[in-house]
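The structure under discussion appears below in the form of structure tokens.
To find a chain, count down the sequence lines: A is the first, B the second, and so on, and within it residues start at 1. Just so you know, these numbers use all the heavy atoms, side chains as well, and skip hydrogens, waters and symmetry mates.
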Amino acid sequence: MMDTSIVEVINVTREVAWLPWAVQYFFLIGLSVGGVLLSLPGYAFAREDWRKLGRVALLVALTCGLAAPVALLSDLHQPGRFWHFYVVLRPTSWMWWGSIIIPFYVTGLLVYGWTCFREELQEQGRVDSRLAALYRLAALGGGRDDRLIRYAGLVVLTGAALVALYTGTEVAVVRARPLWHTPFLPLQFLATALAGATGLVLLLNRLAADGDRDVERVANRLLAGALGAVMLFGTLWLALGLFALERTHADALASVAGSEAWRVTAVWAVAATAVPFVIAVAKPVGTGLLTGLIAVHGAWMFRWTVFIGGQTVPKTGAGFYEYALPAGPDGLLGIVGTAGLWLFLLLAITAFLPTPRRAEPGPFHPIAAE
Amino acid sequence: MDQSRRNFCLGFGAATVGAATLSPAPAEAIAAREGGDPAHRWGMVVDVRKCVGCQACTVACIMENDVPENSFRTIVSTYEVTEQGRSGTYMLPRLCNHCEDPPCIPVCPTGATFQREDGIVVVDNTVCVGCAYCVQACPYDARFINHETQTADKCTFCVHRVEAGLLPACVETCVGGARIFGDLKDPDSTVSKLVRERDPRVLKPEQGTQPRVFYIGLDPKFQGKVDGTPTLWRPSAQPHADVHAGKEHA
């Protein structure tokens, strides 16, 4: 091999074109999908022992699911033209399929959320308050209807599966970016989304619900499972790349392996997965805020690394592009704004539907007994 | 060195036969093509041995196409190469490859970007929503978001000039005659002859895009992502990105 050194003297930097808005979108929609899945046992399958966890998960699904499309719309450089998606047939584009799937999912989520909360709306309608009429109107003259919840759950589950499919595939098909173009990416998105959603359940259980210890214990166990899946996929991804067992993974690893910053990121990601895993397994009660926070952070960081980090790998130029987070709408303001919208939605929903005060659980409580 | 220009003018509208060395586009790619004259297939041959790195093409493109500041439809990537103690400069003009199977087109969710019958890949910036999916999908970093139109932007082979029987601005201005433009369907065009006789290379052939910008004298070290030290200065729309770039080695 001849000893050659190449120094790039003139080239162009291509700035990131998928902005932090996109990170926020993929983060929030992933958490929403995870929230839906976690809410299904308690509501769609009417498992009473999962009901409290399911209610917190429903908050995750709704708040994240409603904020996500706003972030996605903002990632378009011409957001006012979003209707252009709906006047053409572009089946070759996963993004076009996404534009069909998102309204389907969000509508399904709203209907499902309504069927789940209908019981509470009816109860609130019986309370002597000025808003009672409003609650009665929102309940549409009915209460808990497990069959309706089940049907709506089936619809939203279909939507959630389609969202998971399209968000992962949309990125994985981009052959031009080796880091994205791996069959594992959709699975990694899903596993980190489940971990993030469970993490947010742990946080909201403490901050927006009554801090139930059974919910915390179960959620921490679920979190350990999701983080285990994250580690499994991560290990397989690394092994396939490291031992060049599969070309796309080898290319993906090679595209970033030479960078010190990327190695630090990898160590950080391992820590952000392993630490909450160990804590959740060793001490599932009383640690929810910590494990939840790290898990949410991990899910966000994974997307940040994939999208923003991935776009700093030049396709033709040498080395890596520098990225500095802009303070304005293309950067920090987008992140803070989306977070603010999510917080507003959480406050609005929990103000309208405060956590019901329930009687102490009866003797039959299989989860607590585990 | 205006052989390429003269040839272009003479060859315009000549009888057309498919170039033998070029494999055809996939059926679905051809089916989706719209506009332009199917009698032609425009392409470019870049003779990197003749490029002096003057960036006249870069400037001509900006002036011709009103490309916003810090954005580029074409640029001459320039490298200092040291081999066995000897240093030299390597120039590589880059632009949209107007691929026969362009990966930027199927991903477009609105149909704003499409390929004309003459092979030129264009963007209708009145339709484009600026989702930048095509920017991601291009393996050549040839696309970008134009911040004046907030839509995807790219080299068009100066389609407005070509339709008027003129050469693309970068070809017109090239002092070394390194850029040769012409009709790949015309077997007598200079580009067809060069592709036939000189066996030029394309960038990233493993991507399967079948570029229609060919390179004579393309060193394989520069065929894909260049393994080297990044430049200290890069033109960029990011105000902070042009100061400390390039601390890491690929």
Side-chain angles (χ1 to χ4, degrees), chain A residues 2-19 22 75-82 84-85 87-90 92-99 170-171 173-177 180 255 258-262 310-311 313-324 326, chain B residues 28 53 55 72 75-84 89-90 94 103 106-112 127-133 135-141 144-145 150-151 203-204 207 221 224-231 233-238 240-242 244-246 248-250:
Chain A
M2 212 183 298
D3 183 29
T4 306
S5 91
I6 298 171
V7 179
E8 199 174 65
V9 183
I10 297 171
N11 207 2
V12 62
T13 293
R14 292 302 191 198
E15 56 178 354
V16 304
W18 282 0
L19 307 172
D75 196 57
L76 295 182
H77 290 80
Q78 285 276 6
R81 294 182 180 174
F82 77 95
H84 289 196
F85 284 92
V87 292
V88 286
L89 280 176
R90 299 282 303 163
T92 56
S93 170
W94 279 94
M95 191 183 281
W96 181 80
W97 282 109
S99 73
E170 178 181 53
V171 184
V173 294
V174 178
R175 191 177 174 185
R177 294 205 182 277
W180 296 359
S255 73
S259 158
E260 187 60 39
W262 278 86
Q311 291 179 88
V313 183
K315 291 165 181 165
T316 58
F320 295 87
Y321 297 145
E322 286 276 303
Y323 178 77
Chain B
E28 68 271 22
Q55 306 283 355
F72 299 86
I75 193 165
V76 181
S77 299
T78 307
Y79 305 90
E80 187 186 76
V81 185
T82 307
E83 243 170 29
Q84 295 176 323
T89 308
Y90 190 82
R94 297 186 191 273
V107 298
C108 177
T110 63
V127 174
C128 176
V129 294
C131 74
Y133 204 1
V135 178
Q136 309 296 351
C138 171
Y140 304 104
D141 261 349
F144 57 94
I145 293 292
Q150 292 292 21
T151 55
L203 295 173
K204 295 193 173 182
Q207 292 275 326
K221 287 193 287 292
K225 178 167 163 37
V226 174
D227 187 5
T229 307
T231 177
W233 182 86
R234 296 167 194 248
S236 164
Q238 301 278 353
H240 306 294
D242 56 355
H244 303 294
E248 294 184 86
H249 294 239

>> Please evaluate residues A:Trp18 and B:Tyr133 with respect to the criterion ring-ring contact (aromatic ring centres under 6.0 Å, His included), reporting the C-alpha separation (whole Å), side-chain torsions for both, the decisive distance (0.1 Å), and the verdict.
In response: CA-CA 8 Å; A:Trp18 282 0; B:Tyr133 204 1; 5.6 Å; yes
Please check this pair: side chain of [X] against backbone of [Y], looking for a donor-acceptor N/O pair closer than 3.5 Å.
X	Y	value
B:Lys225	A:Gly319	yes
A:Arg177	B:Ala137	no
B:Thr229	A:Val7	no

Under 4.5 Å from any heavy atom of chain B, what part of [X] do you find: side chain, backbone, both or neither?
X	result
A:Thr316	both
A:Trp180	side chain
A:Val87	neither

Top contributor to chain A contacts, counting heavy-atom pairs under 4.5 Å, from [options]:
options	value
B:Thr110, B:Ile145, B:Asp141	B:Asp141
B:Cys108, B:Gly53, B:Pro103	B:Cys108
B:Thr89, B:Val127, B:Leu203, B:Val81	B:Val127

>> Quick one about A:Gln311 and A:Glu15 (side-chain donor to acceptor, distance below 3.5 Å, no hydrogens or angles considered), yes or no?
In response: no
> Out of A:Arg81, A:His84, A:Glu170, which one racks up the most heavy-atom pairs below 4.5 Å with chain B?
Replying inline: A:Arg81
> Say you draw a straight line from OG of B:Ser77 to CG of A:Asn11; how long is it, rounded to the nearest 0.5 Å?
Replying inline: 3.5 Å
